[in-house]
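Fair warning: this is a prediction, and the values are worked out from it, not measured in the lab. Each ligand, and each atom within it, is numbered from 1 in the order the structure gives.
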Amino acid sequence: MAQRRRPQVFANQDDLAAAAVRRWMELAAQAIAARGAFHVALSGGSTPRLLYQRLSGAEFAGKLDWSRVHIYFGDERAVPSSHVDSNYRMARETLLDNVPIPASQVHRIEADMAYIRQGAAAYAQVLHSELPRSEHGEIQFDLVMLGVGPDGHVASLFPNSCILRERERPVAAAYVAKYKVWRISITLPTVNRARHIMVLVAGPDKAEIMRRLFAESHGHPPLPLQLLEPSGEIEWYLDEAAAANLPPDVRQ
Ligand code: 6PG
């Protein structure tokens, strides 16, 4: 529970994005100052859109040396990069097309390969060749961004999926039975090893899963987001709708 820091709660998604993007910029500046680069895995879905739009907007123009930033993805759907469901496409439209990041520093997950496990293996190679190492010599992100599904999934780590048991590979292909689709996702050891994890959660459909996380002990088996036991720092950013069922003493 100690790692599950108290959530910061914001009146609405705009305020949540405004606070989270300032923290994102702080972490980027710290990483660049300390190690010369910032390696961040973006989350997919809809919640991070506002943060990405703010990040590429006028408020932060010229405030970040994008030549020092490496962008990765926490997960990707098995669709072409131009597909409306592609996390890469969403990030490209809201952020990557609007900032001066070198194309060679945007590391897309090629989940649309004919053989998806090949795509996962190829991405593992990218992580091994591009990411810095932890003090134990293992690949380590400076920041992993996550969203949360109403069922408690993070990235494409869904409840009862075998990828939750993956402890060796840094990224793997996963069949998501509930949606009958394949995905590629970074695995729990990779997430938990990050220097920082930033979880953005918004909307009334997340209120119950947030209550279970912050007000109940682990279920059996634990939900994916209950397996977030980071060696670094984890920060939760919720809007009031997602925090609606939280006991008062849980909030920051
Ligand atoms: C994805 C994400 C997934 C997402 C959650 C929340 O590829 O969909 O990685 O884990 O973060 O499902 O999605 P929303 O932000 O759309 O609620």
Side-chain angles (χ1 to χ4, degrees), residues 7 10 12-14 16-17 20-21 24 40-55 71-81 83-96 107-112 116 119-120 123 141 143-161 163-164 166 170-188 190-192 194 197-210 212-213 223-228 234-244:
F10 300 89
N12 53 53
Q13 292 200 43
D14 264 333
L16 185 160
V21 72
W24 199 100
V40 50
L42 301 182
S43 58
S46 57
T47 305
R49 293 181 70 98
L50 286 176
L51 184 152
Y52 299 159
Q53 287 164 348
R54 280 177 176 270
L55 199 49
I71 295 280
Y72 308 76
F73 293 83
D75 66 331
E76 186 56 279
R77 294 87 178 273
V79 296
S81 58
H83 193 282
V84 65
D85 288 346
S86 164
N87 287 336
Y88 168 78
R89 174 177 160 178
M90 185 272 280
R92 188 173 54 71
E93 291 173 346
T94 54
L95 173 61
L96 302 173
H107 309 290
R108 176 176 84 88
I109 299 176
E110 294 185 39
D112 47 340
I116 194 162
Y123 206 62
F141 282 102
L143 173 62
V144 169
M145 296 180 67
L146 295 174
V148 174
D151 61 359
H153 78 261
V154 292
S156 284
L157 307 171
F158 282 78
N160 309 311
S161 58
I163 193 173
L164 289 174
E166 178 60 56
V171 57
Y175 183 68
V176 184
K178 73 187 290 189
Y179 299 137
K180 296 186 175 47
V181 295
W182 281 90
R183 300 235 183 136
I184 289 177
S185 180
I186 57 177
T187 53
L188 268 174
T190 307
V191 175
N192 282 328
I197 299 173
M198 177 183 272
V199 193
L200 309 187
V201 191
D205 61 333
K206 312 293 173 72
E208 178 52 17
I209 197 65
M210 287 295 98
R212 288 183 63 183
L213 176 70
L223 293 166
L225 83 172
Q226 292 173 327
L227 296 171
L228 293 178
I234 187 165
E235 299 175 26
W236 296 84
Y237 293 76
L238 276 60
D239 70 355
E240 278 294 353

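Among protein heavy atoms, the minimum distance from atom 1 (C) of ligand 1 is reached at Arg77 NH2, 3.4 Å. The shortest contact between atom 11 (O) of ligand 1 and any protein heavy atom is with Gly147 CA, 3.3 Å. When only non-hydrogen protein atoms are considered, atom 15 (O) of ligand 1 lies nearest to Thr47 OG1, 2.6 Å. Distance from atom 10 (O) of ligand 1 to its nearest protein heavy atom, with residue and atom name: Ala155 O, 2.7 Å. Looking only at heavy atoms of the protein, atom 13 (O) of ligand 1 is closest to Gly45 CA, 4.0 Å.
Checked against a 3.5 angstrom limit, the closest N/O atoms of Lys206 and ligand 1 fall inside it. Close N/O approach between Asn87 and ligand 1 is found [any backbone or side-chain N/O within under 3.5 Å]. For Pro48, no nitrogen or oxygen atom sits less than 3.5 Å from a nitrogen or oxygen atom of ligand 1, counting backbone and side chain alike.
Atom CG of residue Leu146 and atom CD1 of residue Ile186 lie 6.5 Å apart, to the nearest 0.5 angstrom. Interatomic distance, CD of Gln13 versus CG of Leu238, reported as 11.0 Å (0.5 Å rounding). Here the CD1 atom belonging to Ile109 is positioned 8.0 Å from the OG atom belonging to Ser156, to the nearest 0.5 angstrom. Here the straight-line distance linking atom NZ of Lys180 with atom OH of Tyr175 works out to 6.0 Å at 0.5 Å rounding. Atom-to-atom distance recorded for Leu95:CG and Leu51:CG is 8.5 Å, nearest 0.5 angstrom. In this structure, the separation between NE2 on His153 and CG on Leu164 is 11.5 Å, given to the nearest 0.5 Å.
Each side chain to side chain donor-acceptor pair (under 3.5 Å) pair with one or both residues in residues 199-208, not counting sequence neighbours, appears once here: Glu208-Arg211.
Neither the backbone nor the side chain of Glu76 has any atom closer than 4.0 Å to an atom of ligand 1 (non-hydrogen atoms only). Of the heavy atoms in Asp75, only side-chain atoms (C-beta onward) come closer than 4.0 Å to ligand 1. Contacts between Ser43 and ligand 1, counted as non-hydrogen atom pairs separated by less than 4.0 Å, are absent for every part of the residue.
Less than 4.0 angstrom separates some heavy atom of His153 from each of these atoms of ligand 1: 3 (C), 5 (C), 10 (O), 12 (O). For ligand 1, the atoms lying closer than 4.0 Å to a non-hydrogen atom of Arg183 are 1 (C), 7 (O), 8 (O).
Selection from Val148, Asp205, Leu42, Leu225 by nearest heavy atom to atom 6 (C) of ligand 1 gives Val148.
Below 30°, between 30° and 60°, or above 60°: for Phe158 and Tyr179 the angle between ring planes is above 60°, a perpendicular geometry.
Phe141 pairs by the ring pair (Phe, Tyr, Trp, His ring centres under 6.0 Å) definition with Tyr72, not counting sequence neighbours.
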